[in-house]
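Notes follow the structure.
A note on names: the letters A, B, ... follow the listed sequences, proteins ahead of strands, and every chain is numbered from 1. Quantities reported herein were computed from a predicted structural model and do not represent experimental measurements.
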2 protein chains.
Amino acid sequence: MPVLQLIYQHPLLTPSQLETIFEAHTLVDFKKGDYLLKKGQVSNSYFCIGEGMVRSYVHDFNGNDITTGFIEKNEIAIDVISLFHQVPTVEYFQALTDCTCYVIDLDKFQVLYHSIKGFNEWGRAWMSKSLFQLKQRTISMITDSASERYKSLQEQHPRILQQAPLKFIASYLGITDTSLSRIRKELTR
Amino acid sequence: MPVLQLIYQHPLLTPSQLETIFEAHTLVDFKKGDYLLKKGQVSNSYFCIGEGMVRSYVHDFNGNDITTGFIEKNEIAIDVISLFHQVPTVEYFQALTDCTCYVIDLDKFQVLYHSIKGFNEWGRAWMSKSLFQLKQRTISMITDSASERYKSLQEQHPRILQQAPLKFIASYLGITDTSLSRIRKELTR
DNA sequence: TAATCCACTTGCCATAAGGCAAGAAATGAA
DNA sequence: TTCATTTCTTGCCTTATGGCAAGTGGATTA
């Protein structure tokens with residue numbers, strides 16, 4: 001499982017512990033459009049994306065989609081609140097392309113989390129990194145223009161621009177698809 | 001320490017464990033304007049705010065302050081990345097008022113974190129809650145107008161409006177102080 | 001092949017928010 | 001008290017982005 005090798009990198013994890021962690025995963029396929037998790041459900045699984053891309057989104061009060069994130073290959077797709085607090089989620093997690101996922105059920109995850117110190121540390125590192133990235137995004141929403149945010153996305157996550165339709169990218173950047181279309185036109189001159 | 005009673009609420013924590021945790025804190029006072037942590041430093045302490053308010057901020061490329069958060073009484077003030085990964089922070093944490101803080105050094109924190117399962121769980125719950133709140137803020141930046149964001153802050157964190165000058169609140173909301181002044185005028189009619 | 005559907009573009013105009021600068025009000029210091 | 005500094009407000013104009021609606025082009029399906 002080369003994908004899992006990439007995901008679980010932490011100095012405290014020994015090869016035999018990694019083996020135990022790898023074996024806890026089961027393989028699940030999703031077709032484009034399938035939902036890994038839907039609003040109202042209580043999350044019971046932890047997903048690593050092995051192949052493909054997932055989009056997370058919420059509905060705002062007008063019924064519009066707001067894309068909250070794109071989860072790429074070799075990344076983790078979970079709603080931490082729903083999974084760890086066992087409450088209904090407000091987000092949708094939908095396969096943007098056909099996906100292959102490595103999945104661990106919550107019960108099994110908790111056992112690993114409490115029995116393998118390095119896995120616990122890895123989890124804390126993952127969550128703090130997520131927090132940091134989200135903070136960067138929030139700051140970018142304040143300091144950067146829509147055009148600059150688009151360019152950053154283009155540099156840092158080119159695959160998203162290739163795989164996601166414009167309207168999803170636009171709502172992720174906090175603008176309308178109309179505006180993004182104009183920004184793109186402007187940039188290609 | 002009534003403040004700590006409020007902060008450390010988790011079903012797995014026994015009274016004697018709580019006692020151990022409480023005793024790990026030392027009391028540190030900060031005067032208005034003092035820094036708990038400055039850009040470039042590696043964080044070595046974990047802070048609970050007992051009295052007062054702290055503001056965290058970054059400088060953007062133009063040298064402008066961007067307020068990233070307000071930390072109130074009974075809340076935790078840390079830079080998770082700098083503290084847990086031992087890297088220099090990019091944020092400033094400054095006392096907005098005179099503050100009384102309960103502090104734990106990183107070494108001692110790590111010992112507690114790994115020896116008390118409930119404390120570990122509490123930490124995960126705290127971090128996932130932070131992640132959720134930050135996501136809510138990001139969504140609000142996309143879906144709500146500046147005026148709506150101001151009203152939400154007013155309802156949910158009235159103390160911030162009382163204690164922080166307008167320019168800090170404005171940059172937290174993602175607008176200029178000029179605009180916030182006009183919004184406030186509009187709302188008081 | 002025609003009929004849809006979806007993704008994207010474009011034009012026209014509306015609106016929210018910014019930039020700058022002047023001034024008023026409040027706060028703090030000497 | 002007086003002076004200085006910071007905080008907040010306001011006017012005038014600019015700019016970024018939105019809203020709506022029409023139109024294009026590609027893909028899918030009947």
Any base atoms under 4.0 Å from B/Thr178, or only sugar-phosphate, or nothing? Heavy atoms, all strands.
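Counting heavy atoms under 4.0 Å across all strands, the contact made by B/Thr178 includes a base.
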At 4.0 Å (heavy atoms only), tell me whether A/Arg184 reaches a base, stays on the sugar-phosphate, or touches nothing.
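Sugar-phosphate only.
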For [X] and [N], give me the distance from atom [atom1] to atom [atom2], rounded to whole Å.
{"X": "B/Glu148", "N": "C/dA16", "atom1": "CD", "atom2": "C1'", "answer": "12 Å"}
{"X": "B/Ile169", "N": "D/dT7", "atom1": "CD1", "atom2": "P", "answer": "12 Å"}
{"X": "B/Asp144", "N": "C/dA17", "atom1": "CG", "atom2": "C1'", "answer": "16 Å"}
{"X": "B/Lys32", "N": "D/dT6", "atom1": "NZ", "atom2": "P", "answer": "12 Å"}
{"X": "A/Tyr150", "N": "D/dT17", "atom1": "OH", "atom2": "P", "answer": "14 Å"}
{"X": "B/Ile175", "N": "D/dT17", "atom1": "CD1", "atom2": "P", "answer": "16 Å"}
{"X": "A/Asp177", "N": "D/dG19", "atom1": "CG", "atom2": "P", "answer": "10 Å"}
{"X": "A/Leu173", "N": "D/dA16", "atom1": "CG", "atom2": "P", "answer": "17 Å"}

Is A/Arg137 positioned over the aromatic face of A/Tyr172, cation under 6.0 angstrom from the ring centre and no more than 45 degrees off axis?
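Positive - A/Arg137 is close enough to the ring of A/Tyr172 and near enough to its axis.
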Whether B/Lys38 engages the ring of B/Tyr35 as a cation-pi pair (distance to the six-membered ring centre under 6.0 angstrom, angle to the ring normal within 45°) should be assessed.
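Yes - B/Lys38 lies over the ring of B/Tyr35, closer than 6.0 Å to its centre and within 45° of its axis.
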A/Phe70 and A/Leu180: same hydrophobic cluster, using ILVMFWY side-chain contacts below 4.5 Å?
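Yes, A/Phe70 and A/Leu180 fall within the same hydrophobic cluster.
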Indicate if A/Met53 and A/Leu161 have the same hydrophobic cluster label, given that clusters are the connected sets of ILVMFWY residues with side-chain heavy-atom separations under 4.5 angstrom.
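Same hydrophobic cluster.
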Is there a side-chain contact between A/Ile21 and A/Trp122, using heavy atoms and a 4.5 Å cut-off?
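They are not in side-chain contact.
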In terms of side-chain heavy atoms of [X], which of [options] is nearest?
{"X": "A/Lys185", "options": "C/dT10, C/dC8, C/dA21", "result": "C/dT10"}
{"X": "B/Lys167", "options": "D/dT7, D/dT10, D/dG18", "result": "D/dT7"}
{"X": "A/Ser181", "options": "C/dC8, D/dG18, D/dC8", "result": "C/dC8"}
{"X": "B/Arg182", "options": "D/dT17, C/dG18, C/dA17", "result": "C/dG18"}

Verify the contact: side-chain N or O of A/Thr176 to OP1 or OP2 of D/dT17, cut-off strictly under 4.0 Å; return yes or no.
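Looking at the OP1 and OP2 atoms of D/dT17, neither is under 4.0 Å from any side-chain N or O of A/Thr176.
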